[in-house]
Amino acid sequence: MPGFELFGEAERREVNDVLNSGVLMRYGFESQRLGHWKAKAMESELCGQLGVKHAQLLSSGTAAVTSALAVAGIGAGDEVIVPSFTFVASFEAVLMTGAAPVLVDVDDTLTMSPKAVMNAITSNTKAIMPVHMCGSMADLDALKSICHSHGLFLIEDACQAIGGKYKGLSLGTIGDMGCFSFDAVKTVTCGEGGAVVTNNDRFAELLDQYSDHGHDHLGSNRGTDDHPIIGYNFRISELNAAVGLAQTKRLPEFLKLQKEHYTILRSALTGISGLTFRRVPEGGEESCAFLNFFLPTVEVAREVIELFSEQAINDCFHYIDNNWHYINHWNHLKNGLSANGLNDSQKKGLARLSCQDFSQSNQWIGRNISCLIKVGWTKSEVEQRAATMATILRKVLT
Ligand SMILES: *Cc1c(COP(=O)(O)O)cnc(C)c1O
């Protein structure tokens with residue numbers, strides 16, 4: 001998955017444009033910037049590649065999720081449904097808006113279970129935020145229909161699945177808004193960066209204002225801009241955007257390599273008895289950022305991970321024991337250990353997490369192994385890795 005593996009001349013050239021003009025800010029300075037608008041250029045590149053009307057580039061994926069929730073009007077007293085298996089950024093973003101995160105089980109797609117979502121809806125629910133974890137998607141038709149019948153927003157966290165598709169549409173462009181991260185370990189990197197994409201003109205306008213102190217960006221003088229709403233600073237710098245612009249142009253190349261490497265690994269593991277692959281919802285096309293499979297028990301998965309690492313297969317994850325991606329180790333969240341104060345509805349929501357039953361999630365996450373697909377591998381490296389993995393799995397499973 002990581003774009004940091006392939007980094008070179010194209011990225012350097014874009015960054016040098018910015019260094020040569022000396023304009024590091026994405027807005028203003030028109031007479032000095034020598035025609036370079038890296039953030040704007042990356043936004044239009046994203047729109048073109050993803051097939052979406054608007055993209056707002058931001059300082060991080062966390063900023064993207066926070067801004068998307070905020071411009072949907074979500075705040076104190078509201079609840080946002082997120083999956084138990086995600087990156088901590090999901091609940092962090094919900095908390096930053098003042099709303100309370102409600103965590104629900106995942107199923108064999110490794111994304112939120114529509115049934116669990118139905119059971120979690122209350123009169124305070126305002127949005128459902130599926131997270132397309134490890135390169136594949138939630139059952140978006142089921143979630144869309146729940147949102148439709150309950151009047152909820154659907155906000156996709158597609159940070160780990162850029163390039164994946166669902167029924168012909170790019171992930172991130174299907175809900176009301178979709179969020180991407182361009183941090184250092186994502187498919188495309190800016191160093192730090194993120195984006196919200198949407199086909200909704202009003203959300204696009206609000207995102208532009210919210211992420212830059214409320215500026216309406218209507219005039220040519222920032223000092224005399226009006227401020228229709230209270231905003232914050234979630235801007236990206238031109239330096240980061242320059243790197244991301246070069247990387248975004250290379251996205252098709254990254255996706256092609258991911259798919260090739262994924263296919264080699266998957267073929268080698270196909271047919272091993274006791275091993276099943278993650279379910280991809282009908283009509284879905286993975287981004288191939290990861291290859292995910294299930295083993296019969298959590299113990300077998302633990303054993304396999306250990307044998308993998310003895311053979312230097314180190315890019316596979318067993319998330320049940322992970323500090324950053326699964327509810328089990330989020331004691332800071334369950335105990336509400338926040339530096340800033342939390343409101344009563346947030347405190348109540350978090351208190352509920354400690355006694356909530358996540359046994360369904362444990363079943364899937366405990367038996368899952370998730371293998372990162374690197375784009376920097378040579379073909380013979382992938383083939384060798386595939387053979388080693390298959391040998392280990394066959395041995396353990398017979
Ligand atoms: C990386 C990631 C984020 C946050 O992105 P940052 O750019 O690191 O803030 C959010 N959600 C998911 C699922 C991620 O993987």
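Residue numbers start at 1 and run along the sequence shown. Indexing begins at 1, ligand by ligand and atom by atom, following the structure's order.
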(message) Quick check: Gln160 and ligand 1, any N/O pair under 3.5 Å apart?
(response) yes
(request) Kindly say whether the aromatic ring centers of His217 and Tyr27 come within a distance under 6.0 Å. (result) yes
(message) For Val65, state whether at least one heavy atom is located under 4.0 Å from any atom of ligand 1.
(response) no
(message) Under 3.5 Å between any N/O of Phe182 and any N/O of ligand 1: does that happen in this structure?
(response) no
(request) Nearest 0.5 Å please: distance from the CG atom of Asp201 over to the CD atom of Glu205. (result) 8.5 Å
(request) Using a 4.0 Å heavy-atom cut-off, say whether Thr62 meets ligand 1 through its side chain, its backbone, both or neither. (result) both
(request) For atom 8 (O) of ligand 1, find the nearest protein heavy atom and state the residue, atom name and distance (0.1 Å precision). (result) Asp183 OD2, 2.7 Å
(request) Consider ligand 1: state whether an atom of it lies below 4.0 angstrom from any non-hydrogen atom of Glu192. (result) no
(message) If we set the cut-off at 4.0 Å for heavy atoms, which region of Ala89 has an atom near ligand 1: side chain, backbone, both, or neither?
(response) side chain
(message) Quick check on Gly193 - does any of its heavy atoms sit under 4.0 Å from an atom of ligand 1?
(response) yes
(message) How far is atom 1 (C) of ligand 1 from the closest protein heavy atom, and which atom is that?
(response) Lys186 NZ, 1.7 Å
(request) Quick one: look up the protein heavy atom nearest atom 5 (O) of ligand 1 and list residue, atom name and how far away it is. (result) Ser181 OG, 3.2 Å
(request) Could you tell me whether the side chains of Asn292 and Tyr319 share a donor-acceptor contact shorter than 3.5 Å? (result) no
(message) Contact between Ser90 and Val65 at the side-chain level, heavy atoms closer than 4.5 Å - yes or no?
(response) no
(message) Under the criterion salt bridge (charged side-chain N to carboxylate O under 4.0 Å, His left out), I'd like the reasoning laid out for Asp183 against Lys186: C-alpha separation, chi angles, the key distance, then a yes or no.
(response) CA-CA 6 Å; Asp183 77 21; Lys186 297 303 201 284; 3.2 Å; yes
(request) Please confirm whether Trp330 and Phe91 have ring centers closer than 6.0 angstrom. (result) yes
(message) For atom 11 (N) of ligand 1, what's the nearest protein heavy-atom neighbour? Residue, atom name and distance, please.
(response) Asp157 OD2, 2.7 Å
(message) At less than 4.0 angstrom from any non-hydrogen atom of Ser60, what atoms of ligand 1 do you find?
(response) 7 (O), 9 (O)
(message) Check for me whether Arg266 meets the cation-pi criterion with Phe277, that is, NZ or CZ under 6.0 Å from the six-membered ring centre and within 45 degrees of the ring axis.
(response) yes
(message) Using a 4.0 Å cut-off to any heavy atom of Val131, which atoms of ligand 1 qualify?
(response) 13 (C)
(message) Does the plane of the ring in Phe85 sit parallel, tilted or perpendicular to the ring in Tyr326? Use 30° and 60° as the thresholds.
(response) perpendicular
(request) Report the distance from atom CD of Gln258 to atom CD of Glu253, rounding to the nearest 0.5 Å. (result) 11.5 Å
